[in-house]
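Below is one structure, written out as structure tokens, with a few remarks after it.
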Amino acid sequence: MSEMEKVYNPAEIEKRIYADWEQSGDFAPQGDGQPFALVIPPPNVTGALHMGHALDETLQDILTRWHRLLGDNTLWVPGTDHAGIATQNVVERKFAQEGKSRQELGREKFIEEVWRWKEEYGGRITSQLRLLGASCDWRHERFTMDEGCSRAVREVFVELYKKGLIFKGSRIINWCPRCHTALSDVEVEYEENAGKLWHLRYHLADDAKKYLVVATTRPETLFGDTAVAVHPADERYQDLIGKEVVLPLTDKKIPIIADEYVDREFGTGVVKITPAHDANDYEVGRRHKLPVVVIMDTSGILNENAPLRYKGLDRFAARELALTDLEEKGLLDSIQDYQNKISKCYRCHSVLEPSLSPQWFVDMPKLAEPALAAVRSGKIKFYPDRWRKVYFDWMTNVREWCISRQIWWGHRIPVWYCECGEQLCSKDPPQKCPKCGSDKLRQDEDVLDTWFSSALWPFSTLGFPDATDDLRKYYPTALLVTGYDIITFWVSRMIALGLEFQKDIPFHKVVIHGLIRDEQGRKMSKSTGNAVDPVELIKEYGADALRFTLASMVTAGGQDLKLAVSKVVAGRNFMNKIWNVARFVLLKLADNKFAAEKSLADEWILSRYQQAIQKTDTALHNFYFGDMALKLYDFVWSEFCDWYIEMSKLGLHKETFLTVFNGILRLLHPLTPFITEEIWAKLGNPGKIITASWPRVDKSLLNPAREKKMATVIEFIKAVRNIRAEMNVAPAKKADVVVLYSQAETAAALSEAKQYIQQLAGVEKIDLVDKLAAKPRNAAHAVIGGAEVFVPLDNLIDLQAEIARLGKEKDKYQAEIDRVKRKLTNKGFIEKAPQEVIDNEKAKEKTYIEKFKIVEGQLKALTAD
RNA sequence: GGGCGUUUAGCUCAGCGGGAGAGCGCCUGCCUUACAAGCAGGAUGUCAGUGGUUCAAUCCCACUAACGCCCACCA
């Protein structure tokens with residue numbers, strides 16, 4: 001046992017304790033308990049800890065620490081993601097500041113620089129996770145581009161290639177003209193846009209006086225038009241199908257075709273077809289064997305396929321110029337306001353350009369069925385269950401997954417091309433072409449989507465492609481905790497690839513939580529400037545406070561969480577409360593004066609404590625983190641501190657006291673690991689709390705009779721306190737109380753609790769009587785279950801105030817009586833409600849009437865004076 | 001166009017068939033020797049609206065409204 005600082009200082013405690021855990025190997029799996037593994041959703045190596053991570057990691061750490069206390073063989077694998085585009089962007093930006101481009105550096109040199117950057121800054125996020133208290137096994141730490149993960153990536157790629165589940169093909173993909181790469185469908189963000197719908201005139205080739213009006217949101221793409229289309233059954237245009245129009249601003253002639261794709265109701269029912277720059281148009285073009293004219297380069301700059309005047313212009317400048325030109329030539333028919341959605345890059349928010357290009361794809365539709373079945377059958381469960389639907393919807397309509405990226409930082413595609421045209425896919429670089437024998441092989445320039453390696457994370461981190469002990473022991477992992485925003489990005493792909501390569505699910509449970517938002521409910525982002533930095537909060541209030549606060553906001557329904565600093569303050573205040581009650585414990589232990597036997601309060605708190613264990617267990621089993629936090633908050637503050645500790649000041653039973661307090665520390669440990677570890681040591685407990693054992697419910701300590709007795713005592717103390725406060729009795733002034741009881745039970749409880757009452761209600765003398773010759777005069781009055789309470793107030797009583805107070809009380813009882821009476825006189829209720837409910841209502845009626853009469857009597861007595 | 005969610009005290013949110021709750025804020029009184037980051041007491045709600053089911057609805061069902069999110073190739 002040792003001294004405790006008067007002031008709770010989380011910064012010092014947390015740093016020291018974490019270092020000790022890590023150095024002592026407390027995070028490593030221990031014992032021969034049931035394996036419990038989880039893999040961390042790898043944060044971006046370039047990143048800094050944000051609130052989303054803080055929440056994710058807190059929840060996972062709660063589960064990890066809980067299972068460790070339960071005695072499971074617990075492994076939490078940490079790691080970071082190379083985050084291809086994001087990292088490359090960051091490093092490129094750094095070079096741009098020095099006036100250098102990655103092209104100048106060259107691929108090899110650039111990648112070297114990214115690695116150097118990663119070595120320098122990659123530790124930031126993991127050190128921030130340590131600040132938070134994450135009890136991951138750092139000796140298992142992995143990086144998506146480390147040797148093992150890279151081998152796993154090549155293995156998976158080659159196997160899928162062999163099975164035809166990975167292939168190369170030309171498609172219209174989402175192209176980011178700023179990042180210069182293709183993106184997958186889920187990497188596109190859609191944004192509402194107040195745009196225009198421009199109506200353009202396309203004149204008929206054989207009759208310059210006539211024209212068709214074509215509606216478009218993207219006039220600059222008209223140079224890539226290779227047809228205009230109408231609906232085959234559209235009466236308006238029957239005679240025009242097969243004819244030609246002149247493409248505005250050019251002298252090109254393009255056909256008028258008929259295709260079902262066209263919606264007759266929309267605009268004029270005439271659509272320009274631009275196969276190279278629109279996915280739908282591309283399909284139409286294929287059906288009609290239209291030429292594909294690409295009019296932009298990879299930066300969105302118009303190329304030689306546009307008229308000379310436009311060549312070299314950015315797509316947005318080209319739009320402006322085209323509109324001016326069209327207007328001038330009288331080809332701009334009309335302009336409408338038009339609300340549509342534009343697609344943007346999820347990394348740099350540039351407007352994407354749908355572009356035709358050769359890319360690599362994973363045949364997700366083929367991998368989807370087993371992945372769907374695993375969830376449908378309940379093998380994998382979602383918490384809350386409703387998120388299954390998002391998974392099903394996405395997986396059922398899943399499309400080919402574009403996995404090639406035209407950047408440099410990432411896993412290079414393990415495919416080589418020979419000058420003879422042969423395409424070789426191999427885990428290791430091939431020396432010669434097996435077909436022509438040439439050694440002039442060129443590796444594919446592209447790298448893989450970052451999410452490709454993330455999808456392998458549950459087994460690549462455990463040793464795949466080798467058949468390791470870890471893989472055998474910990475796969476499938478226990479569960480995954482993540483926000484709903486990456487169900488499509490990550491969860492679905494892990495399930496699909498896990499099943500394909502391990503023939504088993506990657507995890508049994510998927511725990512989905514809401515997203516952190518600011519006080520107004522807006523998404524937190526750097527650009528909005530509303531992001532709250534968890535590291536700052538930890539510095540100011542401590543990791544325990546932040547963890548407690550985050551966990552307490554997680555609801556069973558998985559709603560988004562609005563974070564306000566005031567909530568973290570409340571969390572910190574709770575830590576402070578725990579800190580101070582620990583100081584009180586130490587003081588009392590140092591006094592070395594203990595009660596010989598358990599008191600009413602002891603038996604009461606032991607019973608309440610069993611229920612606290614039960615509630616905590618239930619909450620954790622269901623992943624109701626908020627419930628867990630709030631139930632413990634309530635038990636510790638409102639029951640243990642407010643009542644038990646206060647009562648124990650009269651005489652403390654050491655064993656009870658320590659049982660409950662040490663139990664509280666262990667129940668809280670998953671939520672607030674640092675403070676509980678610190679106090680655990682200060683109390684002189686053996687070992688560390690991180691490797692202690694989880695409290696078990698001892699049913700023999702449940703004691704409903706004592707709880708009922710305490711309830712009476714608490715009701716009484718509150719009644720007296722209320723009188724004192726309302727009647728302005730000076731806090732220091734002791735009062736005498738007369739209790740006229742009608743139930744022996746109540747009298748017994750109050751008699752047993754006499755000392756508590758004196759201590760907590762400021763009472764000196766307490767008279768328990770079952771008869772009263774005359775009711776005390778000049779006394780404030782209250783009624784509790786089974787007794788009437790009089791607090792004589794000498795001259796202090798304000799008669800009018802007391803009358804008002806009692807009148808209010810009388811009205812309250814009257815309302816209750818009315819309500820209960822309505823029920824009891826309802827024939828349907830008496831006939832159909834369960835007997836238990838009816839009895840309950842009858843009992844209520846009786847006590848309310850009793851109380852009402854007492855108050856009424858008292859009121860009459862006062863007003864008669 | 002589909003789907004999901006939310007609407008409860010001034011604010012943030014729990015509760016989800018039988019007496020409306022918490023934290024913060026507010027009012028009153030207290031430095032009571034663990035804690036003023038605290039203690040004690042108090043005020044505050046047509047539980048979004050309308051209908052239905054039920055003996056009984058904040059809770060279940062239907063519709064309506066407002067707000068928010070996700071998905072979808074309508075130029």
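Fair warning: this is a prediction, and the values are worked out from it, not measured in the lab. Letters A, B, ... are given to chains in the order of the sequence lines, protein chains preceding strands, and every chain is numbered from 1.
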Could you go over nucleotides 21-25 of chain B and give all protein N or O partners under 3.5 Å, atom names and distances?
none

Review point. Across the strands shown, which category fits Glu283(A) at heavy-atom distances under 4.0 angstrom: base, sugar-phosphate, nothing?
Key: nothing
Practice item. Determine the contact category for Ile645(A): base if any of its heavy atoms lies under 4.0 Å from a base atom, sugar-phosphate if only primed atoms, P, OP1 or OP2 are that close, otherwise nothing. Key: base
Check your understanding: Just checking Val262(A): base, sugar-phosphate only, or nothing, at a heavy-atom cut-off of under 4.0 Å?
Key -> base
Exercise for review: Just call it for Thr555(A): base, sugar-phosphate, or nothing, with non-hydrogen atoms closer than 4.0 Å on any strand.
Suggested key: sugar-phosphate
All N/O contacts under 3.5 Å from nucleotides 27-30 of chain B to the protein, with atom names and distances to one decimal?
none

Review point. Can you pull the salt bridge (Lys or Arg N to Asp or Glu O under 4.0 Å) pairs that have at least one residue in residues 824-840 of chain A, sequence neighbours excluded?
Key: none
Review point. RNA chain B: Arg386(A) or Val186(A), which has the more 5' nearest nucleotide?
Key: Arg386(A)
Under 3.5 Å, which N/O atoms of the protein pair with N/O atoms of nucleotides 39-41 of chain B?
unit_1, atom_1, unit_2, atom_2, d
C39(B), OP1, Lys577(A), NZ, 2.7
C39(B), OP1, Trp637(A), NE1, 2.7
A40(B), O3', Arg721(A), NH1, 3.4
G41(B), O3', Asn722(A), ND2, 3.2

Practice item. Under 4.0 Å between any heavy atoms, over every strand shown, what does Arg399(A) touch: base, sugar-phosphate, or nothing? Just pick one. Key: sugar-phosphate
Exercise for review: Scan side-chain atoms only and decide if Glu189(A) and Tyr346(A) contain a donor-acceptor pair under the 3.5 Å cut-off.
Suggested key: no
Review point. So, Lys567(A) versus Ser552(A): side-chain donor-acceptor pair below 3.5 Å or not?
Key: no
Review point. Want to know the stems of RNA chain B: at least 3 consecutive Watson-Crick or G-U pairs with distances under 3.5 Å, which are they?
Key: B:1-7 with B:65-71, B:10-13 with B:21-24, B:26-30 with B:38-42, B:48-52 with B:60-64
Pairs under 3.5 angstrom, nitrogen or oxygen only, protein versus nucleotides 52-56 of chain B, please.
unit_1, atom_1, unit_2, atom_2, d
C55(B), OP1, Lys832(A), NZ, 2.3
C55(B), O4', Gly828(A), O, 3.2
C55(B), O2', Asn826(A), ND2, 2.9

Review point. Does the side chain of Asp560(A) pick up a donor-acceptor pair with the side chain of Tyr484(A) at under 3.5 Å?
Key: yes
